[in-house]
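Every chain is numbered from 1, with letters handed out A, B, ... down the list of sequences.
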Amino acid sequence: MQQPVPVLEARNIDIWRGGRCLIRGLSFSVGGGQLALVVGPNGAGKTSLLRVLAGLAPYGSGQVLWNGIAVPRLAPEQRADFVYRGHLDGLKKELTVEENLSFSAALRGQAAVFDSLLTTLNLNDVADRETRFLSAGQRRRVGLAALKLANARLWLLDEPMTNLDAAGRALVTGWVDEHLRGGGIAVVATHQPEELARPGTTLVEL
Amino acid sequence: MQQPVPVLEARNIDIWRGGRCLIRGLSFSVGGGQLALVVGPNGAGKTSLLRVLAGLAPYGSGQVLWNGIAVPRLAPEQRADFVYRGHLDGLKKELTVEENLSFSAALRGQAAVFDSLLTTLNLNDVADRETRFLSAGQRRRVGLAALKLANARLWLLDEPMTNLDAAGRALVTGWVDEHLRGGGIAVVATHQPEELARPGTTLVEL
Amino acid sequence: MNSFLIVLKRDLKLAFRRWSELANPLLFFMIVTALFPLALSPTADELRTIGTGILWIAALLSSLLSLDSLFRADADDGSLEQLILSPAPLGIVVLAKVTAHWIASGVPLVGLVPVVALSFYLPVDALTVLVAALVLATPTISILVALGAALTVSLKSGGSVIGLLILPLCSPLLIFGTRATDLAVHGEATAGPLYLLASLAVLAVSLGPVAIGAALKVGME
Amino acid sequence: MNSFLIVLKRDLKLAFRRWSELANPLLFFMIVTALFPLALSPTADELRTIGTGILWIAALLSSLLSLDSLFRADADDGSLEQLILSPAPLGIVVLAKVTAHWIASGVPLVGLVPVVALSFYLPVDALTVLVAALVLATPTISILVALGAALTVSLKSGGSVIGLLILPLCSPLLIFGTRATDLAVHGEATAGPLYLLASLAVLAVSLGPVAIGAALKVGME
Amino acid sequence: MKLPRWFHLLGSSPYVYRLAGRLSPWLGAVGCGLIAVGVFWGLVIAPPDYLQGDASRIIYIHPQTAYVGMQAYVVLAIAAAIGFIWRLKLAHAVAVSAAPIGASFTLCALVTGSIWGAPTWGTFWEWTDPRIMFELLLLFLFLGYMALRAAFEDRDKADRVSAILGVVGVVNVPIIHYSVLWWNTLHQGPTIMKFDEPSMTTDMLIPFLLTMFGFMVFFYWLLLKRLRAEIVDREQGTRWLRELVTEGSQ
Ligand code: HEM
Ligand SMILES: Nc1ncnc2c1ncn2[C@@H]1O[C@H](COP(=O)(O)OP(=O)(O)OP(=O)(O)O)[C@@H](O)[C@H]1O
Ligand SMILES: Nc1ncnc2c1ncn2[C@@H]1O[C@H](COP(=O)(O)OP(=O)(O)OP(=O)(O)O)[C@@H](O)[C@H]1O
Ligand SMILES: [Mg+2]
Ligand SMILES: [Mg+2]
């Protein structure tokens with residue numbers, strides 16, 4: 001039941017956190033090749049929204065649909081379409097960069113070929129260092145590598161530019177472009193939309 | 001033995017991390033009312049440098065002097081001149097925002113009057129929420145409040161703009177201005193120097 | 001199945017990377033069992049009588065040690081989120097993690113216990129039963145421990161609640177384990193309690209992972 | 001002095017905020033002491049003979065429980081950095097933290113032990129000595145525990161092997177403590193071991209904090 | 001999935017609240033009545049047991065409390081499962097209200113049991129007796145369920161997490177029931193709850209059954225009363241509740 005063009009759709013959803021309704025009746029939809037930027041002040045609910053879209057958190061009313069299927073009810077293999085990178089980088093401190101990457105790739109049934117990737121991310125000389133010894137930005141870069149390796153169709157990114165230097169930010173912008181050109185979808189929470197915005201971007205303001 | 005104009009000075013210091021020499025023979029000095037921006041790609045050694053300046057990490061050769069005294073040998077009360085905010089926000093998850101702030105203020109012998117502060121930081125309605133329930137940016141804002149409360153003369157800030165929305169970033173810029181105008185010193189590691197740079201800024205490139 | 005192996009490999013690697021954490025339960029076990037003769041200074045047959053009990057309690061406690069850290073670490077660094085989101089079915093992932101925990105903590109224990117048992121003057125021919133009982137009991141303990149850890153993973157401080165939930169659930173294992181060992185020491189038939197332990201293990205391993213997975217999912221919300 | 005109170009207040013607040021972590025050692029203590037009769041099913045005077053030993057071991061173990069969490073939490077969320085950088089002298093800060101740890105874990109234990117002791121049929125007039133011995137021993141234990149925690153704080157993996165190596169250091173306390181209690185049970189003079197415990201406590205409290213502070217500073221580099 | 005209408009009705013708090021309000025007095029009356037009659041019959045009319053003498057008269061309390069305690073856990077587990085699967089807050093409310101009642105019944109079973117044990121087995125307590133162990137475990141499960149709930153600030157989360165514990169724990173119930181058959185225990189086997197001829201004289205059987213059903217109804221009465229309190233607690237500030245309070249009707 002997969003459509004030619006994938007669609008992520010939110011039909012007026014409410015999101016509650018700690019007994020307060022953060023987001024009420026939010027609706028939007030992004031299709032293949034489209035980018036949605038989630039913007040809003042600190043504490044507006046961007047992270048909460050992304051977690052809901054990823055199926056990590058429950059939502060009050062309404063529906064979140066991926067190709068017409070409610071997200072919480074997606075079959076495991078359908079979850080392979082998703083990749084979510086949040087505030088936490090999800091790396092094991094005691095494993096080296098390579099071990100971390102090959103694990104996350106293997107778990108998604110992807111081949112773990114990332115030498116060129118590490119080069120572009122300028123991580124070559126730390127490839128076999130335990131990630132707890134990495135600098136903040138290097139850790140973010142490893143996270144980005146995992147994102148790339150997943151080659152999923154839907155990217156859910158929470159402030160991907162955090163801790164990155166100019167080169168890193170440019171890289172992310174380039175990747176998003178590429179991903180969209182390849183018919184992928186990206187939902188990105190950011191405080192600097194100008195870095196990613198382009199004509200045809202859906203702006204989700206909270 | 002305090003001079004009218006405080007000075008932080010690095011005389012060609014080497015910094016080693018994990019057996020590699022990150023920074024070799026670095027020298028610079030910032031005096032009252034001056035700003036030093038530490039810039040460089042991910043993994044260049046900005047955090048390491050700041051930790052050295054704060055006296056948290058040892059350095060190979062050379063000297064780091066605060067008003068002529070080697071930093072590691074500062075007397076406790078002289079350490080009161082310093083405040084360091086790193087990648088970690090140093091908040092207790094189980095304590096509320098107010099409890100965290102009044103503790104860090106009290107520890108530095110400062111009065112804990114922060115109502116207006118919380119208002120400017122737009123933290124009023126989360127003031128008595130445990131910080132583990134805060135959003136990333138709200139947590140950073142609490143860290144900034146602690147910075148302000150410390151009213152120290154030397155600010156060592158590691159990417160203070162992280163996770164902050166536009167308003168928050170503007171606030172930080174304003175605070176730095178104010179601090180410098182008051183004769184304070186600020187050493188800030190950042191990936192977006194344009195946000196803080198001003199004429200007379202010392203640029204420490206790694 | 002494949003994802004089972006992947007997660008298992010990763011967790012084992014982690015366990016052996018943090019060798020210290022791996023050695024932790026063993027060390028704890030040895031020290032506890034060592035402290036008793038120290039504190040009680042019992043005679044040989046006193047020791048023999050209380051020995052089995054001490055062995056089992058020490059084994060139980062030492063496998064409870066690693067309890068809090070079982071999912072907490074993954075939850076704190078965000079890799080639990082990634083595991084939940086991964087296409088691999090969560091039950092499998094959990095089973096793999098628990099298996100790893102068992103291999104890393106349970107198996108060495110099973111290897112160590114007979115040695116200590118001998119130092120407690122337990123008869124040699126009781127050892128096989130002791131080991132068998134441990135092999136049957138430890139998986140259940142691991143599952144229960146994991147369940148407790150999962151139920152409390154979202155509480156920033158899991159500790160006591162888990163202890164509260166899990167130790168009572170473990171007490172039958174303790175009782176029937178010691179029962180079997182005692183019977184063996186006195187050279188009587190031990191089938192009864194062993195069967196019981198086995199059935200409990202089957203029950204735990206078959207039902208546990210799904211429940212644990214559900215608990216983790218709710219916990220991460 | 002002032003900063004001592006500030007840190008003490010904060011840590012106590014934390015301890016009582018996470019009531020579970022606070023209850024943890026107590027619960028552990030109760031459960032351990034409960035498990036023994038369960039596993040050994042001893043007679044009254046058997047229980048009396050092994051009772052003191054069990055009490056002391058349980059007390060020791062339960063105060064070791066909080067070992068890992070003593071500085072680890074502060075190290076992970078960066079507040080240890082802030083403490084080290086604060087104008088307050090580090091020795092004082094450490095002393096405050098350890099005191100808080102003692103108040104939160106040691107004192108309730110001291111309150112709980114006599115109850116359990118009675119359920120172990122210990123004579124009532126031995127209780128005062130038991131409590132006195134505990135009051136003298138627990139501070140030393142807390143200091144040693146803190147030292148272990150400080151030494152291992154830089155091992156990110158939270159492995160507390162070195163920490164557990166502190167346990168042997170605690171064994172003298174165990175020995176003299178049980179000794180005093182046993183003497184009291186048999187109605188003999190208990191001054192000797194008590195003096196020893198007292199002097200050990202003085203030693204630990206006077207030298208400990210500085211060493212711990214140094215360990216922490218090195219650990220955070 | 002598609003659910004029948006009554007299911008949705010049972011999902012609406014006001015409906016259930018009123019229904020419970022209407023039912024509970026009847027249940028209360030019937031339950032207490034049955035118990036009173038049964039106990040009177042058992043203690044006064046029925047003859048003492050030829051083996052155990054008057055000690056056996058505790059048979060009109062102990063099995064009932066024990067059985068109802070187990071039943072309470074089953075109710076808890078089923079409610080918790082429904083609440084978890086269909087996200088039905090009311091089901092969770094039922095589970096929550098069942099816990100303390102079940103705990104107290106189980107405690108009664110343990111106490112009366114050990115009281116009964118003193119004369120018949122010559123001991124109050126036998127650590128290695130499976131039935132006693134697992135019954136004790138049942139008590140701990142109830143307590144653990146409540147403790148776990150207490151540890152969460154967010155009620156919704158507390159519901160869903162504790163539900164899992166509740167469902168998992170239900171395996172303990174059949175274990176308790178069949179423990180007497182599976183392992184040789186001091187405890188005597190099924191006397192009533194077995195399908196062939198009950199091994200008990202009718203003049204003991206009748207009061208036994210009377211009290212048994214009495215205690216069951218009594219349990220549901222308590223359950224409804226707690227459920228209403230729980231609903232009020234959960235629905236604070238909702239319109240129907242405010243109207244209810246203002247109009248002051250039940
Ligand atoms: C602490 C000790 C005891 C505990 C924990 C205990 C527990 C229980 C439990 C859980 C049941 C319900 C079983 C079921 O419905 O499947 C039960 C039933 C019963 N108990 Fe006990 N019991 C104890 C002691 C005794 C003693 C000492 C006697 C009498 C010698 C006794 C006689 C009975 C009888 C006659 C039943 C009804 C059996 C049936 O119809 O299934 N119990 N007990
Ligand atoms: N404990 C350590 N052991 C080994 N290498 C380390 C250790 N700590 C840091 N490093 C290395 O030192 C380099 C500098 O780290 P540092 O955190 O100072 O970089 P940074 O400039 O702050 O980078 P970022 O902009 O990403 O924050 C990195 O390459 C890192 O891998
Ligand atoms: N578990 C919780 N309990 C109570 N309140 C919560 C909880 N989680 C989040 N919140 C609140 O919900 C709001 C939204 O949080 P969220 O992290 O989604 O914001 P955000 O848009 O990501 O902010 P930022 O830009 O700082 O990342 C915040 O005000 C936060 O305090
Ligand atoms: Mg966010
Ligand atoms: Mg850095």
message = Using heavy-atom distances under 4.5 Å, tell me whether A:Leu164 contacts chain B through its side chain, its backbone, both, or neither.
response = both
task = Pick one of side chain, backbone, both or neither for A:Arg139, based on which atoms fall under 4.5 Å of a heavy atom in chain B.
result = neither
key: Distance-only side-chain donor-acceptor flag, B:Asp14 / B:Ser61, under 3.5 Å   = yes
note = So, the part of A:Thr162 with a heavy atom under 4.5 Å from chain B: the answer is side chain
remark   = Interatomic distance, CZ@B:Arg153 vs CG@B:Leu8, rounded to 0.5 Å, equals 11.5 Å
inquiry  = Is it the case that the side chain of A:Tyr84 and the backbone of A:Leu157 share a donor-acceptor pair, with hydrogens and angles ignored and the cut-off at 3.5 Å?
reply    = no
query = Are side-chain heavy atoms of B:Gln138 and B:Val126 found at a separation under 4.5 Å?
reply = yes
Contacting region of A:Arg17 [heavy-atom separation from chain B under 4.5 Å] = neither
Interchain contact, A:Arg140 with chain B, by part (heavy-atom threshold 4.5 Å) = neither
query = Looking at the rings of A:Phe82 and A:Trp66, which for Trp means the six-membered one, are their centres under 6.0 Å apart?
reply = yes
Interchain contact, A:Glu159 with chain B, by part (heavy-atom threshold 4.5 Å) = side chain
request  = Please check if any side-chain donor atom of B:Thr96 sits under 3.5 Å from a side-chain acceptor atom of B:Asp128, or the reverse.
outcome  = no
Heavy-atom pairs under 4.5 Å with chain A, option from B:His87, B:Arg129, B:Gln192 with the top count = B:Gln192
